[in-house]
There are 2 protein chains.
Amino acid sequence: MKLSTKGRYGLRAIIDLALNSENGNAVCIQSISERQNISESYLEQLVRKLRTEGLVKSVRGAGGGYELARPAEKISVGDVLRALEGSIEAVSCGDDEGCCDQADLCVTRLVWDRVNKAIEGAVDTVTIAQLVEESRKKQCMGKVDTKSCAN
Amino acid sequence: MKLSTKGRYGLRAIIDLALNSENGNAVCIQSISERQNISESYLEQLVRKLRTEGLVKSVRGAGGGYELARPAEKISVGDVLRALEGSIEAVSCGDDEGCCDQADLCVTRLVWDRVNKAIEGAVDTVTIAQLVEESRKKQCMGKVDTKSCAN
DNA sequence: TTAAACTTGACAAAAATAGTAGGATATGAT
DNA sequence: ATCATATCCTACTATTTTTGTCAAGTTTAA
């Protein structure tokens with residue numbers, strides 16, 4: 001059970017975005033790509049998804065780029081991961097398509113619900129703003145070289 | 001981020017095993033396979049892993065099968081998932097091989113640690129014994145047909 | 001001795017992941 | 001105007017992981 005690079009890179013990207021667009025300017029893919037050492041093409045794919053999910057907005061044309069669609073305090077890590085991964089559930093016991101007809105008799109479901117809730121609790125209570133602040137304190141992202149970080 | 005069938009089937013298998021081996025008799029793969037609707041070959045692979053990880057023990061020869069290596073109260077869901085999935089971490093920020101040289105400067109790590117701890121907390125506090133008891137109450141596994149359940 | 005059951009290793013189809021490539025479109029600056 | 005810069009979009013591909021299957025062997029109770 002591993003979070004894919006979509007979620008891992010995407011979180012780094014949006015933190016980078018928040019850190020570097022404070023004075024109202026849009027941040028372009030290329031600059032994020034260089035700071036975070038993620039290929040432009042792939043990053044584009046991820047940021048585009050963040051846009052269609054309403055987390056960032058784009059400014060087209062020369063001098064354009066991306067900026068947060070709403071204040072960093074209003075964007076949780078869960079929002080970002082769900083936008084990129086589709087769902088962050090470890091096991092989906094969907095009510096659809098006859099899966100789990102015996103739902104009320106299934107004990108493993110008790111476990112999966114528990115796990116899913118634990119994960120959601122963990123990611124929904126951390127905002128991008130908190131991470132940006134933490135990052136400032138540590139002078140990490142966008143300042144120190146993070147090329148060696150795989151996550 | 002999805003738990004694979006290894007973990008999902010494996011948990012069902014070990015619960016089935018616990019349910020059906022109470023009177024000291026070993027439970028054979030074939031019977032689990034039939035009750036849980038998982039192919040014998042695949043199940044064999046999973047149960048073998050559970051054995052090498054010390055969660056179940058095998059009884060060879062005719063009339064043999066598998067039984068729990070220790071009381072169901074002493075086996076947590078986390079034990080089972082770790083045995084089968086290797087690691088249940090959503091993101092591994094291993095200290096190995098130069099990954100995360102900037103570990104102390106990396107803010108995303110704060111998130112991943114949080115998520116990993118949440119997951120572990122969820123799976124390590126539920127035992128197979130609890131699920132077996134719950135199952136008895138619901139008369140679910142091993143009694144009611146669970147073929148339709150994908151998890 | 002024989003059949004039931006475990007043991008092991010090799011193999012393979014299918015799905016998901018992790019990207020690439022290339023062109024179209026929009027827009028600010030010269 | 002047109003050019004440079006940037007987003008936007010579709011399609012494609014290589015790699016890895018998942019999800020099994022298969023066949024040949026070993027062990028042991030009856």
Side-chain angles (χ1 to χ4, degrees), chain A residues 1-13 17 20-21 24-34 36-53 55-67 69 81 84-92 150-151, chain B residues 1-10 12-13 17 20-21 24-34 36-53 55-67 69 81 84-88 90-92 150-151:
Chain A
M1 190 169 61
K2 270 236 162 40
L3 203 68
S4 73
T5 56
K6 286 204 222 55
R8 306 206 308 273
Y9 292 1
L11 182 59
R12 274 166 61 198
L17 193 57
N20 295 96
S21 69
N25 60 317
V27 180
C28 70
I29 292 286
Q30 195 191 16
S31 72
I32 301 178
S33 163
E34 282 167 4
Q36 300 297 328
N37 199 38
I38 302 171
S39 89
E40 279 186 61
S41 318
Y42 195 41
L43 204 48
E44 205 174 78
Q45 221 178 85
L46 304 180
V47 178
R48 188 163 69 232
K49 199 83 185 286
L50 291 177
R51 187 183 60 79
T52 61
E53 297 292 326
L55 297 182
V56 304
K57 55 189 175 186
S58 65
V59 179
R60 301 191 64 166
Y66 292 92
E67 50 195 37
L81 297 184
L84 294 168
E85 303 267 337
S87 160
I88 51 176
E89 292 187 317
V91 178
S92 304
N151 300 314
Chain B
M1 189 169 60
K2 270 239 165 32
L3 203 70
S4 73
T5 57
K6 285 206 221 53
R8 304 207 309 273
Y9 292 2
R12 274 166 62 197
L17 193 57
N20 296 95
S21 71
N25 60 318
V27 180
C28 71
I29 292 284
Q30 195 191 15
S31 71
I32 302 179
S33 163
E34 282 168 4
Q36 301 297 327
N37 198 38
I38 301 171
S39 89
E40 276 186 62
S41 316
Y42 194 41
L43 203 49
E44 211 172 74
Q45 218 178 89
L46 303 180
V47 178
R48 185 161 77 228
K49 200 80 184 289
L50 290 177
R51 189 184 60 79
T52 61
E53 297 292 328
L55 297 182
V56 303
K57 56 188 175 187
S58 64
V59 180
R60 303 190 63 163
Y66 292 92
E67 49 195 38
L81 297 184
L84 294 168
E85 303 267 339
S87 160
I88 52 175
V91 178
S92 305
N151 301 314

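Chain identifiers are assigned alphabetically (A, B, ...) following the order of the sequence lines, protein sequences preceding nucleic acid strands; residue numbering begins at 1 within each chain. Everything quoted here is computed from the prediction, not taken from an experiment.
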Tell me: NZ of B:Lys57 to C1' of D:dT27, nearest whole Å? 18 Å
First locate atom CD1 of A:Ile29, then atom CD of A:Gln45, and finally report the distance between them rounded to the nearest 0.5 Å. 11.0 Å
Near DNA chain D, counting only heavy atoms under 4.0 Å, which residues of residues 39-49 of chain A show up? A:Glu44, A:Arg48
Of A:Ile29 and A:Met1, the one whose closest DNA chain D nucleotide lies more 5': A:Ile29
Applying the side chain to side chain contact (heavy atoms under 4.5 Å, CB included) test to B:Val27, which of B:Asn20, B:Val56, B:Val59, B:Val47 qualifies? B:Asn20
Do we see a donor-acceptor contact under 3.5 Å between the side chains of B:Thr5 and B:Tyr42? yes
Which comes earlier along DNA chain C counting from the 5' end, the contact point of A:Val59 or that of A:Thr5, where each point is its nearest nucleotide? A:Thr5
Atom CD1 of B:Ile38 and atom P of D:dG20 are separated, to the nearest Å, by 9 Å
Atom pair distance, as rounded to whole Å: CZ in A:Arg51 and C1' in D:dC9: 10 Å
Residues at least two apart in sequence or cross-chain that pass side chain to side chain donor-acceptor pair (under 3.5 Å) with A:Ser39, listed by chain then number, are none
Starting at atom OH of B:Tyr66, determine the distance to atom C1' of C:dT7, rounded to an integer number of angstrom. 8 Å
Starting at atom CD of A:Glu67, determine the distance to atom C1' of D:dA6, rounded to an integer number of angstrom. 14 Å
Look only at the side chain of A:Gln36 and the backbone of A:Ala13, and say whether a donor-acceptor pair between them is shorter than 3.5 Å. no
Distance in angstrom units between B:Leu50 CG and C:dC6 P, rounded: 13 Å
Looking at CG of A:Leu17 and CD of A:Glu67, how far apart are the two atoms once the value is rounded to the nearest 0.5 Å? 8.5 Å
Mind calculating the distance between CD (B:Gln30) and C1' (C:dA4) to the nearest angstrom? 10 Å
Between C:dC6, D:dA6, C:dA18, which nucleotide has the shortest distance from any of its atoms to the side chain of A:Ser4? C:dA18
In whole angstrom, give the distance that lies between atom CG of A:Leu3 and atom P of C:dT17. 10 Å
Would one find a side-chain N or O of B:Ser58 under 4.0 angstrom from OP1 or OP2 of C:dA5? no
State the CG-CD distance between A:Leu46 and A:Glu44, to the nearest 0.5 angstrom. 10.0 Å
Phosphate oxygens OP1/OP2 of C:dA18: is one of them under 4.0 Å from a side-chain N or O of A:Tyr9? no
If you pin B:Ala62 and B:Glu85 to their nearest nucleotides in DNA chain D, which one's is more 5'? B:Glu85
Reading DNA chain C from 5' onward, which residue's closest nucleotide shows up sooner: A:Arg60 or B:Gly64? B:Gly64
